[in-house]
Amino acid sequence: MSITDPTPPERADFIREIVAADLQSGKHEGVVTRFPPEPNGYLHIGHPKSIALNFGIANEFGGRCHLRFDDTNPIKEEQEYIDSIQADIRWLGFDWGEHLYYASDYFEQLYEWAVNLIRAGKAYVDDLSADEIREHRGTFTEPGKNSPWRDRPLEESLDLFERMRKGEFPDGARVLRAKIDMASPNINLRDPALYRILHAEHPRTGDRWCIYPMYDFAHGQSDAIEGITHSICTLEFEDHRPLYDWLIENLPVPSHPRQIEFARLNITYTVLSKRFLRRLVNEGHVRGWDDPRMPTISGLRRRGFPAEGIRDFVAMIGVGKADSIVEVAMLEHAVRDVLNRTALRRFAVLRPLKLVIENYPEELTEEMDAVNNPEDASAGSRKLPFTRELWIERDDFMEDPPKKFFRLAPGREVRLRYAYFVTCREVVKDAAGEIVELRCTYDPATRGGDSPDGRRPKATLHWISAEHATPAEVRLYDHLFGRPDPGADGDLFDDLNPASEEVLNGCLVEPALAEVPVGETVQFERLGYFCPDADSAPGQLVFNRTLTLRDTWAKVQAQGTHAV
RNA sequence: UGGGGCGUGGCCAAGUGGUAAGGCAACGGGUUUUGGUCCCGUGAUCCCAGGUUCGAAUCCUGGCGCCCCAGCCA
């Protein structure tokens with residue numbers, strides 16, 4: 001894994017071009033990247049863009065990619081997040097090998113470097129309060145003012161910093177600041193805070209420390225320690241690059257990484273803000289971080305999205321510096337694309353309607369051959385039991401059908417997939433006028449679904465033998481938000497889609513569906529992709545709808561509604 | 001408002017001075033035992049205005065628009 005190929009892949013993005021150029025010019029002999037999550041929440045669909053970029057570049061150029069937790073703020077970070085993040089990255093299909101690191105591994109080194117900086121007269125301990133520091137910072141148009149402590153003797157700062165570490169001061173009492181330029185037009189250079197006092201339990205270092213480095217003082221140096229060549233981050237850190245470089249240049253670090261920024265991912269109908277996602281979970285709007293409606297990796301996994309679809313999606317959207325909002329349809333397309341190729345086809349009836357074939361023998365059960373996946377011959381076939389009493393989808397029958405409806409209707413003949421042609425002879429209703437049963441006849445000559453005389457029904461329906469049907473609960477999911485730009489004109493919570501989850505009980509599925517393992521997504525023919533939920537138990541099947549199939553009939557219906 | 005970025009069809013996105021790739025979506029049509037899949041077809045003069053050039057989305061100048069920064073968050 002040490003051979004370096006300086007050839008960029010075809011049509012590389014601007015970051016890959018930079019990497020390739022650095023390799024070709026000999027600036028670097030190999031490439032080392034890193035994915036640096038803060039363990040303060042679960043990974044969401046925005047992260048794979050960065051993960052695939054960092055791990056992808058490392059792979060393509062024969063380098064390596066580290067997983068490094070940016071754990072410098074113990075108040076927000078938890079072990080649960082550290083664990084879930086690793087599980088999610090692995091599930092996505094990426095491997096950091098032996099290269100698992102934590103910024104907290106470098107706390108001692110970072111502390112030493114801070115001392116170096118003080119000795120060099122480039123950092124000082126400030127006694128100002130947070131409010132006072134803000135007041136001294138100035139504004140976008142006015143320069144800041146120097147802190148009265150800015151020029152205190154080095155020895156005094158050294159002593160104070162050491163006592164900060166020893167725990168002699170309460171939170172917020174003092175802070176270590178870089179001495180750069182309070183008049184800089186870049187606010188990040190107006191003597192940024194480097195260390196703050198936080199008497200908090202850290203998930204990794206426990207109570208060994210009560211001062212913690214700020215992001216700016218930890219990230220670049222961690223990169224340098226690990227020999228990262230290209231430190232890829234999102235656009236909002238562009239303003240921090242001068243500070244990143246200043247620290248690298250003013251500290252005796254072992255290497256000089258280069259920070260490169262790209263635009264983070266945004267998707268329609270979804271919100272990717274850890275703060276907001278945490279609220280959804282904590283305030284009970286969803287079942288948890290892994291709720292199938294959540295844009296988290298664990299939510300998408302539970303929803304049945306394959307990792308390959310997510311990888312294809314991020315490859316499809318590209319990498320650039322222009323802010324953009326990708327349509328969810330693209331994600332859904334990527335997912336359907338892999339599922340169409342790989343998902344087993346099964347029969348399931350969500351809203352059952354009884355269909356009785358009057359001229360079919362009472363005691364007979366036939367075994368019909370059904371293809372498991374028309375896109376993959378190696379998936380083989382299965383037997384479907386067929387009997388006189390069946391269940392079909394309520395939506396597949398209309399007593400008084402409109403012009404474009406070509407499923408079952410009184411007097412109409414349709415094909416029952418893999419079985420026979422049936423014709424509706426009678427509609428049975430209950431006292432309330434509800435349709436409760438369809439009486440039909442079948443044509444024995446059409447066994448398997450083809451007629452010897454070349455008759456071709458306009459529709460093919462899926463069905464379940466009543467005698468063999470297995471009950472199941474099915475949870476239908478839709479976008480978490482009811483509009484493409486949630487929160488655009490007000491509170492995000494006002495835009496939550498009240499119909500994002502619909503639980504259906506009394507669904508009936510074919511016997512083979514009891515065997516699908518959690519983690520596998522199958523296609524319920526003509527309905528969509530579904531996967532067993534972890535809530536399933538023997539005899540208590542629960543399925544989540546991953547996505548519907550593309551549905552041109554639904555589109556026709558919607559147009560009809562809107563036309564009037 | 002000072003600084004930093006960005007601006008190519010509805011949405012992503014190639015293009016790096018030689019006459020606008022591709023994908024998604026939408027809309028037509030064909031195939032089809034999933035109204036699925038698959039196949040075919042349909043759309044831009046590149047934020048605007050000047051300029052340089054035989055020739056500019058690509059270079060120059062000036063505008064306009066959008067995003068980010070005033071945490072002891074990352």
Side-chain angles (χ1 to χ4, degrees), chain A residues 11 13 17 36-38 40 70 72-73 75-77 126 128-131 133-135 137-144 171-177 184-190 192-198 211-212 214-216 218-219 233-242 261 263 265 268 274-275 313 316-334 336-337 340-341 345 347 370-371 374-375 404-407 415-419 421 446 448-450 456-462 484 523-528 548-556:
Chain A
R11 282 220 329 278
D13 52 74
E17 278 170 4
E38 181 191 11
N40 67 342
D70 229 328
T72 57
N73 186 356
I75 293 170
K76 295 183 174 175
E77 299 152 5
D126 195 343
L128 255 29
S129 68
D131 285 344
I133 286 182
R134 188 182 327 115
E135 284 159 17
R137 187 152 31 224
T139 67
F140 288 149
T141 49
E142 309 157 42
D171 289 2
R174 287 177 230 269
V175 61
L176 180 71
R177 292 228 258 167
S184 173
N186 181 342
I187 291 186
N188 293 298
L189 262 20
R190 318 244 263 227
L194 265 24
Y195 265 92
R196 74 290 215 187
I197 301 172
L198 247 34
I211 56 172
Y212 292 91
M214 296 287 290
Y215 163 84
D216 288 306
H219 204 99
C233 63
T234 41
L235 254 29
E236 66 270 30
F237 292 102
E238 216 153 12
D239 286 339
H240 291 243
R241 195 170 63 227
E261 313 83 11
L265 173 65
T268 56
K274 284 192 201 169
R275 181 192 143 281
F313 168 66
M316 190 160 40
I317 59 176
V319 179
K321 295 195 64 161
D323 292 312
S324 62
I325 303 174
V326 174
E327 294 180 341
V328 244
M330 244 196 249
L331 208 210
E332 296 172 348
H333 166 80
R336 286 196 182 98
D337 200 45
N340 175 55
R341 276 178 0 238
R345 309 297 134 114
F347 279 3
V371 170
E375 306 295 318
K404 288 182 178 170
F405 181 89
F406 41 84
R407 273 110 95 147
R415 168 167 43 228
L416 293 182
R417 189 153 155 89
Y418 300 128
F421 289 4
T446 58
D450 278 309
R456 297 166 59 118
K458 289 265 284 178
T460 299
L461 275 37
H462 60 278
Q523 182 190 110
F524 286 0
E525 289 212 40
R526 304 208 306 130
L527 299 174
T548 60
L549 249 27
R550 277 188 60 210
D551 188 348
T552 56
W553 165 236
K555 207 175 287 180
V556 169

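Chain letters run A, B, ... following the sequence lines, proteins first and then strands; every chain starts at 1. It should be emphasised that the depicted structure is a prediction, and the values quoted were computed from it without experimental measurement.
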Figure out the CG/P separation between Asn73(A) and C73(B), and round it to whole Å.
-> 6 Å

C1'-based separation of A26(B) from G9(B) [nearest Å] | 12 Å

Per atom distances to the Asp239(A) side chain, the nearest of U16(B), C68(B), G5(B) is C68(B)

Arg407(A) or Arg241(A): which one's nearest nucleotide on RNA chain B is closer to the 5' end?
-> Arg241(A)

Take Ile187(A) and Phe140(A) through the side chain to side chain contact (heavy atoms under 4.5 Å, CB included) test and state the conclusion after the steps.
-> CA-CA 8 Å; Ile187(A) 291 186; Phe140(A) 288 149; 3.4 Å; yes

Between C24(B) and A14(B), how far is it from one C1' atom to the other, in whole Å?
-> 15 Å

Nucleotide nearest Ala193(A) when distance is taken to its side chain, options A74(B), A70(B), C72(B) | C72(B)

Could you walk me through whether Arg177(A) and Ile133(A) pass the side chain to side chain contact (heavy atoms under 4.5 Å, CB included) check?
-> CA-CA 11 Å; Arg177(A) 292 228 258 167; Ile133(A) 286 182; 4.1 Å; yes

Among Arg336(A), Arg526(A), Glu332(A), which one satisfies side-chain contact (heavy atoms from CB on, under 4.5 Å) with Thr548(A)?
-> Arg336(A)

Give a yes/no answer on whether the side chain of Arg190(A) brings an N or O atom under 4.0 Å of OP1 or OP2 in C69(B).
-> no

Quick one: is A74(B) close enough that its OP1 or OP2 comes under 4.0 Å of any side-chain N or O from Arg196(A)?
-> yes

Is there a donor on the side chain of Asn186(A) or the base of G4(B) sitting less than 3.5 Å from an acceptor on the other?
-> no

Assigned glycosidic conformation for G36(B) [threshold 90° from 0] | anti

Report yes if the distance between the aromatic ring centroids of Phe406(A) and Trp553(A) is under 6.0 Å, otherwise no.
-> no

Separation of U32(B) atom C1' from Glu525(A) atom CD, nearest Å, is 13 Å

Quick one: Asp551(A) CG to U34(B) C1', roughly how many Å, whole number?
-> 11 Å

C40(B) to A25(B) separation - P atoms, rounded to the nearest Å = 15 Å

Quickly work out the Leu235(A) CG to C68(B) P distance and round it to whole Å.
-> 11 Å

Ile75(A) atom CD1 is separated from C72(B) atom C1', nearest whole Å, by 10 Å

Have a look at Val328(A) and say if it touches a base, only the backbone sugar-phosphate, or nothing, with a 4.0 Å heavy-atom cut-off.
-> nothing

G10(B) and G2(B), which share atom name C1', separated by this distance in whole Å = 36 Å

If you check every side-chain atom of Arg550(A), which of U37(B), C72(B), U34(B) has the closest atom?
-> U37(B)

base_contact_polar (G36(B) base, Glu375(A) side chain, donor-acceptor, <3.5 Å) | yes

Map Asn188(A) and Thr268(A) onto RNA chain B by nearest heavy atom, then report which one ends up closer to the 5' terminus.
-> Thr268(A)

Once Watson-Crick and G-U wobble pairs under 3.5 Å are found, how is RNA chain B written in dot-bracket notation, 5' to 3', with | for any base paired to another strand?
-> .(((((((.[[[..)..(...]]].(((((.......)))))....[[[[[..)....]]]]])))))).....

N/O (side chain, Arg134(A)) to phosphate O (OP1/OP2, G71(B)) under 4.0 Å | yes

Of the nucleotides A74(B), C72(B), A70(B), which has the atom closest to the Thr72(A) side chain?
-> A74(B)

State which of G36(B), C38(B), A74(B) makes the closest approach to the side chain of Tyr215(A).
-> A74(B)

Compare the minimum distances between each of C73(B), G5(B), A70(B) and the side chain of Glu38(A), then state the nucleotide with the smallest one.
-> C73(B)

Stacking check Phe140(A) vs C69(B) (5.5 Å / 30 deg) | yes

Rounded interatomic separation in angstrom, taking NE2 from His240(A) and P from G5(B) = 14 Å

May I ask you to evaluate whether Lys274(A) reaches the phosphate of C73(B), defined as a side-chain N or O under 4.0 Å from OP1 or OP2?
-> no

Which of these nucleotides, A70(B), G5(B), C12(B), is closest to any side-chain atom of Lys321(A)?
-> G5(B)

Side chain of Pro185(A) only, please: which of C69(B), C12(B), G2(B) is the nearest?
-> G2(B)

Roughly how far apart, to the nearest Å, are A13(B) and U8(B) at atom C1'?
-> 9 Å

Are Arg241(A) and Glu261(A) close enough for a salt bridge, meaning some N to O gap below 4.0 Å?
-> yes

Check whether any side-chain heavy atom of Pro192(A) lies under 4.5 Å from a side-chain heavy atom of Met214(A), and answer yes or no.
-> no

Given the P atoms of G36(B) and G30(B), what is the spacing between them in whole Å?
-> 13 Å

Enter the distance from Tyr212(A):OH to Tyr195(A):OH here, rounded to the nearest 0.5 Å.
-> 11.0 Å

Return the nearest nucleotide to the side chain of Leu549(A); candidates are C72(B), G36(B), G7(B).
-> G36(B)

Has the side chain of Glu327(A) got a donor or acceptor atom sitting under 3.5 Å from an opposite partner on the base of G10(B)?
-> yes

Lys274(A) side, atom NZ; Lys76(A) side, atom NZ - distance, nearest 0.5 Å | 9.5 Å

Are Glu238(A) and Lys321(A) ion-paired here, with the side-chain N under 4.0 Å from a carboxylate O?
-> yes

Specify the separation, in whole Å, of atom CG of Asp13(A) and atom C1' of G15(B).
-> 15 Å

Send over the distance from Asn340(A) CG to U37(B) P, rounded to a whole Å.
-> 7 Å

Please lay out, stage by stage, how Asn40(A) and Asn73(A) fare under the test side chain to side chain contact (heavy atoms under 4.5 Å, CB included).
-> CA-CA 9 Å; Asn40(A) 67 342; Asn73(A) 186 356; over 6 Å; no

Counting heavy atoms from C-beta on, name the nucleotide in G4(B), C27(B), A25(B) closest to the side chain of Glu238(A).
-> G4(B)

So, is Arg345(A) near the phosphate of U37(B), with a side-chain N or O under 4.0 Å from OP1 or OP2?
-> no

Please check the phosphate of C24(B) (OP1 and OP2 only) for any side-chain N or O of His333(A) closer than 4.0 Å.
-> yes

Distance between the P atoms of C39(B) and A49(B), in whole angstroms?
-> 40 Å

